[in-house]
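What follows is a short report on a single structure.
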Amino acid sequence: MELTPQIKDKLDKLQEKYTAMGQDMSAYLDGLLYADFLTYWDYIHLDTLLSLQAPKTSFPDEEIFIMYHQITELYFKLSLHEFNQVAAARETLTATFFTDRVKRINAYFNALVSSFEVMVNGMEKEQFLKFRMSLLPASGFQSGQYRMIEISATDFGRLVDKDKRAALANAPIEEQFEHIYWKSGATELATGKETLTLKQFINKYASQFLQLVKDRKDSNFSALYHKVKDEGQDVTALTEELRKLDLFVNVEWPLSHYKSAVRYLERDPVDIAATGGTNWQKYLPPRFQKRIFYPFLWTEEQMEEWGKGWVLSVLKDLRS
């Protein structure tokens, strides 16, 4: 093979690279010579990935339930990857870079919302109501990555229970955390006590959540939006994407779960409790939580009507 100028240039650059690290380039070339070619299945660890489904029962549709939740967590990881990129670029952040990363997150959530039909109509109701009992007290409520997305998206005070937000606006984050909105969604319906589901979740993630709140104090998306805007950058496109993100995370995604809960758990006159005893009737509908990441991007009327139209239309479709 002819040693072209292009190949020689690459070899010279490799020599500079390894010399700077105190390494012998020829040893690395030996490694390249003897290494096997990479395969697709090895690169993405396909065999391992396909072995990660371990149903607790013999009902076929339980495997669908497991795989869809695993897919969901991978999309959450993709989203957090984008949040972390934006936070890391804080000092030199441009509105263009910021907007492009929010667009990616919105694409991930669009895929999640669009695919949730799998959970609404993709399983036999009779199978679900049986195999779900083997999952207690585990619940999708216990997705730590979803809570990390929320913390990364907005000022932490926006995640406090809506009835206590004003009073706790200047409270320490530890006190605010005691009244974070999702705790009310994991209380026993009869007694109002914390469920085992919630206790497990707090025990595993509380310290991680509190550390992330501190890390994102000045690098959550709300804070960074104000930063680039105050610098005089054009935030027109960024505003549009953040509004979409607000709707995806705080309306469309919880409403998708609400549709599934209505499909599988609603029973007249008594609703079936969700796994772990979570209070899905009051926790999932967006109009009850009024969780809004970016209130400065919405009108008072829009916030007052937050989620109402979506919930009413869904109930009409499902019950007709």
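- Leu78 and Met67 are assigned to two separate hydrophobic clusters, defined by single-linkage of ILVMFWY side chains at heavy-atom distances under 4.5 Å.
- The two atoms that bring Gln176 and Ala169 nearest to each other are NE2-O, 3.5 Å, heavy atoms only.
- With Asn106 as the fixed residue, the side-chain hydrogen bond (donor to acceptor under 3.5 Å, both in side chains) test singles out one of Lys244, Glu241, Arg101: Glu241.
- Between Val235 and Val228 the shortest side-chain heavy-atom distance falls below 4.5 Å.
- Within the 3.5 Å criterion, the main-chain N or O of Ala111 finds no donor-acceptor partner in the side chain of Ser114.
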Next on the checklist: Run the side-chain contact (heavy atoms from CB on, under 4.5 Å) test on Phe201 and Thr195 for me, step by step, so that the C-alpha distance in whole Å, both residues' side-chain angles and the decisive distance to 0.1 Å come before the verdict.
Outcome noted: CA-CA 10 Å; Phe201 189 54; Thr195 61; over 6 Å; no
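- To the nearest 0.5 Å, atoms CD1 (Ile180) and CZ (Arg147) are separated by 7.5 Å.
- With values rounded to the nearest 0.5 angstrom, Asp246 atom CG is found 11.5 Å from Glu252 atom CD.
- Between Phe65 and Tyr68, the ring center distance fails the sub-6.0 Å criterion.
- Within the 3.5 Å criterion, the main-chain N or O of Ala95 finds a donor-acceptor partner in the side chain of Gln233.
- The side-chain heavy atoms of Leu238 and Lys103, taken from C-beta on, include no pair separated by under 4.5 Å.
- Looking at Gln302, its side chain does come within 3.5 Å of a backbone N or O of Thr299 through a donor-acceptor pair.
- Here the closest non-hydrogen pair linking Thr236 and Asp234 is OG1-OD1, 2.7 Å.
- Scanning all heavy atoms of the two residues, the minimum distance from Asp155 to Asn220 falls at OD1-ND2, 3.2 Å.
- With hydrophobic clusters built from ILVMFWY side chains whose heavy atoms lie under 4.5 angstrom apart, Trp41 shares a cluster with Leu50.
- In the displayed structure, Glu174 atom CD is contacted under 6.0 Å by more than 12 heavy atoms of other residues, nucleotides or ligands.
- The hydrophobic clustering, which links ILVMFWY residues whose side-chain heavy atoms are closer than 4.5 Å, places Leu38 and Ile44 together.
- Residues Ser222 and Phe296 are in side-chain contact: their nearest non-hydrogen atoms beyond the backbone lie under 4.5 Å apart.
- Going from atom NZ of Lys290 over to atom CG of Asp161 covers 13.0 Å, rounded to the nearest 0.5 Å.
- Clustering ILVMFWY residues whenever any of their side-chain heavy atoms sit less than 4.5 angstrom apart, transitively, puts Ile66 in a cluster other than the one holding Met119.
- Between Leu112 and Phe76 the shortest side-chain heavy-atom distance falls below 4.5 Å.
- Checking Gln15, Lys8, Lys10 one by one against Asp12, the side-chain hydrogen bond (donor to acceptor under 3.5 Å, both in side chains) holds for a single residue, Lys8.
- Between Lys13 and Glu16 there is no salt bridge, since no side-chain nitrogen of the basic residue lies less than 4.0 Å from a carboxylate oxygen of the acidic one.
- Expressed to the nearest 0.5 Å, how far CE of Met133 lies from CZ of Phe128 amounts to 10.0 Å.
- Asn84 places a side-chain N or O within 3.5 Å of a backbone atom of Leu80 that can act as its donor or acceptor partner.
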Checklist entry - Run the side-chain contact (heavy atoms from CB on, under 4.5 Å) check on Leu11 and Leu3 step by step: do they pass? => result CA-CA 10 Å; Leu11 287 172; Leu3 190 62; 4.0 Å; yes
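- In this pair, Tyr146 and Phe109 present their aromatic rings tilted. The plane angle is within the 30 to 60° band.
- For Gln53 and Gln70, the side-chain atoms include at least one donor-acceptor pair closer than 3.5 Å.
- Side-chain atoms of Ser143 and Glu73 form a donor-acceptor pair, as typed in the model, at a separation below 3.5 Å.
- Within the 4.5 Å cutoff, the side chain of Tyr181 has no heavy atoms near those of the Val160 side chain.
- Under 3.5 Å, the side chains of Glu82 and Gln85 contain a donor-acceptor pair of N or O atoms.
- Counting all heavy atoms, side chain and backbone alike, Pro137 lies closest to Leu196 at CG-CD2, 3.6 Å.
- Listed here is the closest heavy atom pair of Phe293 and Ala153: CE1-CB, 3.6 Å.
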Next on the checklist: Gln211 vs Gln208, test: side-chain contact (heavy atoms from CB on, under 4.5 Å). Steps then yes/no.
Outcome noted: CA-CA 5 Å; Gln211 184 58 54; Gln208 294 181 53; 5.9 Å; no
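- Side-chain contact of Trp306 with Asn250: a donor-acceptor pair under 3.5 Å is absent, judged by distance alone.
- When each of Arg158, Gln145, Arg291 is paired with Glu150, the side chain to side chain contact (heavy atoms under 4.5 Å, CB included) condition holds for Arg291 and for no other.
- Relative to the ring axis of Phe248, Arg243 does not place its NZ or CZ within 45° and under 6.0 Å from the centre.
- Under the 4.5 Å side-chain criterion, counting only non-hydrogen atoms from C-beta, Asp61 is in contact with Ile64.
- Grouping the Ile, Leu, Val, Met, Phe, Trp and Tyr side chains by contacts below 4.5 angstrom, directly or via other members, places Ile105 apart from Leu74.
- Using a 4.5 Å heavy-atom threshold, the side chains of Ile149 and Tyr108 count as separate.
- With values rounded to the nearest 0.5 angstrom, Glu304 atom CD is found 8.5 Å from Glu300 atom CD.
- With salt bridges taken as basic N to acidic carboxylate O contacts below 4.0 Å, one links Glu231 and Lys227.
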Item to check | Audit row: Ile202, Phe209, side-chain contact (heavy atoms from CB on, under 4.5 Å) steps and yes/no | outcome: CA-CA 9 Å; Ile202 294 294; Phe209 291 159; over 6 Å; no
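- Checked by atom type, the side-chain pair Gln142/Gln200 shows a donor-acceptor distance below 3.5 Å.
- In this structure, Lys183 satisfies the cation-pi test against Phe177, with its NZ or CZ atom closer than 6.0 Å to the six-membered ring centre and inside 45 degrees of the ring normal.
- Among all heavy-atom pairs drawn from Val251 and Gly307, the shortest one is CG1-CA, 4.4 Å.
- Between Tyr225 and Phe221, the gap from one ring centroid to the other reaches at least 6.0 Å.
- Atoms CD and OG, from Glu194 and Ser184 in turn, are 11.5 Å apart once rounded to the nearest 0.5 Å.
- Side chains of Leu212 and Ser152 form a contact here, defined as non-hydrogen atoms less than 4.5 Å apart.
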